[in-house]
Amino acid sequence: MLRLGLRPNDFTFPSAFKAAASAPPRSTIGPQIHSLAIKFGYLPGDPFVSCAALDMYFKTGRLMLARHLFGEMPNRNVVAWNAVMTNAVLDGRPLETIEAYFGLWEAGGLPNVVSVCAFFNACAGAMFLSLGEQFHGFAVKCGFEMDVSVLNSMVDFYGKCRCAGKARLVFDGMGVRNSVSWCSMIAAYAQNGAEEEAFAVYQRARCAGEEPTEFMISCVLTTCAGLLGLDLGRTLHAVAVRSCIDANIFVASALVDMYGKCGCVEDAEQIFFEIPQRNLVTWNAMVGGYAHIGDAQNALSVFDDMIRSGETAPNYITLVNVITACSRGGLTKEGYELFETMKEKFGIEPRIEHYACVVDLLGRAGMEERAYEVICGMPIRPSISVWGALLGACKMHGKTELGRIAAEKLFELDPQDPGNHVLLSNMFASAGRWAEATYIRKEMKNVGIKKDPGCSWVTWKNVVHVFRAKDTKHEMYDEIHALLSKLRKQMQAAGYMPDTQYSLYDLEEEEKESEVFQHSEKLALAFGLICIPPGVPIRIMKNLRICVDCHRAFKFISGIVDREIIVRDNNRFHHFKQYRCSCGDYW
DNA sequence: CTAGGGTTAG
C-alpha cells in the first residue's frame, strides 16, 4: 500500500496491528507498524490505533512495551483497560485483571460487557468463588445479566469453581443461548466429574439444533473415559468426521486420549499418526495410551520421537506418563534412569507425582527398600499417593513390616480412607497374621470407616449390569452360577489352582475357594459370556483392583472359551487372550 | 480497537 504511494488512514493501522498480533513473537512486524503509525501522526493520540497496538504488544509477549504504551496513552478508554484485563487472564495472571478492573473504576471509566466477562474469567482462573459471587450480584444490578456473553462467562466461572449446580442455575435462567452457552454448561459438568449430566446437556443441545463444534466435541469426549464410554466415544468420533472437525487439534487430542483410556491403543495410534500436527497434549495423550495398557516399549519410543521431532518439549505430565508406562511394563531400569535425569536432560524438576511413580516403579519390581530410601530422601513432604504406592508394593510382595510403616503414615494423612485399612488388613491376612488382620477390621468398625464395596460392571444393549461379590440378586443368577461351576471344573482340568492367599478372613481352605468364586468380576464375566455373542470381546470395569485369583482364572477362561476379555480396574487395563494377560502378570 | 467455551496428569 505504501509502495503504491497510498496514504494510510485511521482504519489502516488497527487492522494492521490485529494481523501483527498473530505473528510469531520474534517477528518485528508489529514494532515496524508502530513506527509507521507514529510517522503518520496516529500515535500517540488516536485511541483506536493505540488500543490495537497495545493488544498487539500483549499478544506477542512484549509486556514491557505494552505497559509502557499503556502508561503514556493520553486518553485511556475502556477498550484499553479491557485489553489489559483480557490479556492478563489469557496469560494466566488473573490478579492483574482484577487490579485493572479497579484501575478502570478509579479512573472514572465505566466497565462494559467485555470488562465484566474478563472479571469473571479472572475469578475462574484464580478460583475466587466468593469474589465472583459478589460480582455476580453487582453485574445483575447493573443490568449485565441481559447479555449472553456475560451469562456464558458466569456459567464458566461457576463450573471452574466446582459449583456445577450454580452454573446450571444460571444456564437454566438464560432466555437466549448460543453455542458457547451449551459448551460452557457441558464443560462445567464434564470438569466436575458429572459425566452423565454433561452428556445429557450435549444431547439437549443437539436436539435444540446446535451444530457439533470443535469445542463441543472435544469437551464431550472427556466424558467417555473408560470402557463404558467406548461406544459413545466411537459415535462422537463419527460425528466429528461428519462435521469435518476431526483434524482439529483439540478434537484429535481428545480422541487419542479417549481411545487410550478405553484401552484401544490401535485406534489412538491411527489418529495420532495421521493428524497433520501434534501438540504437547496430543503427545502426552499418546504416551498415556501406552501407559494405560502397560506398553513401556512403545511409550519410550513415542517419547523418543517427541524429543527428536523437536516439535514440543516434554513437560511434567509427559514424564509422569512415561515413568508410569515403564513401571507397568516392567522396564524398571529405564524408568528409574528417566526419573534421575529428567532435571538435567529436560529441565523438569521432579514433582510429587514423579516420586509416586518412581516408588511404584521400584516397588513393583520388588525393590521396596530402595523405594523407601527414595521417599526418605525426598525434598518435599511425601503425599498420600507416595505412601500408597509403597503400601501397595509391600502388599504385593509380602513385605509386612515396611508395609506397616507406610500404612501408619497413610493413617496419619488420611485417617478416613477405607482402602488403606483394607490393604493393611489383607496384607496381614496373606501373611497368616490373622490376629492383626482382624484387629484392623475391628478398628475400622469402631472408628466407623466403611469399606467401599467392590463391584464390577458390564454393559450390554445399553444397560449397565452391576455385580457385587456374593451377589445373588441378579435375575440371571442361576445361569451365572451354573456357568461358573462348569468353568471351574474345566479350569481345574487345565491346571488351574485357586489362589486364596488374599481371602480376607481366616476361613477353611474350601470356604476360601468358594468365596473367591463369588467375586464380582467373575460374576460379571459369566454374565458377559452368557449374553454377549461369541467373538465379541467382553469389557468389564471394576472399581477396585482386580484380585489375584480372578486374574489367574481369567487367563484360563480366555483360552478355554477362546474369547478376549478386557478388564479395566481402578488402576490399569488387563487384556486377556489365549491364556495370557497383557500385563504379563506384572501389576 | 477489547470479549464468552475445548484436549493431557492427579
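Residue numbering restarts at 1 for every chain, and letters A, B, ... go by the order of the sequence lines. Note that these values count all heavy atoms, side chains included, but never hydrogens, waters or copies made by symmetry.
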Of all pairs that satisfy salt bridge (Lys or Arg N to Asp or Glu O under 4.0 Å), the ones with a partner from residues 378-388 of chain A, not counting sequence neighbours: none
Pairs where residues 172-191 of chain A contributes a residue and the test salt bridge (Lys or Arg N to Asp or Glu O under 4.0 Å) is met, not counting sequence neighbours: A/R168-A/D172
Test item: side-chain donor near acceptor, A/N315 and A/T318, under 3.5 Å: yes
Donor-acceptor side-chain pairing of A/N284 and A/N321 below 3.5 angstrom: no
Within 45° cone and under 6.0 Å: A/R7 NZ/CZ vs A/F40 ring: no
Gap between atoms [atom1] and [atom2], on [X] and [N] respectively (whole Å):
X	N	atom1	atom2	value
A/D91	B/dA3	CG	C1'	15 Å
A/Y101	B/dA3	OH	C1'	15 Å
A/F58	B/dC1	CZ	P	18 Å
A/K59	B/dC1	NZ	P	12 Å
A/N112	B/dC1	CG	C1'	12 Å

Plane angle bin for A/F17 and A/F13 - parallel if under 30°, tilted between 30 and 60°, otherwise perpendicular: tilted
Sugar-phosphate only, base, or nothing, as touched by A/D147 at under 4.0 Å among non-hydrogen atoms: nothing
Where protein sits on nucleotides 5-10 of chain B, one letter per nucleotide: B base, S sugar-phosphate only, - none, heavy atoms under 4.0 Å: BBBBB-
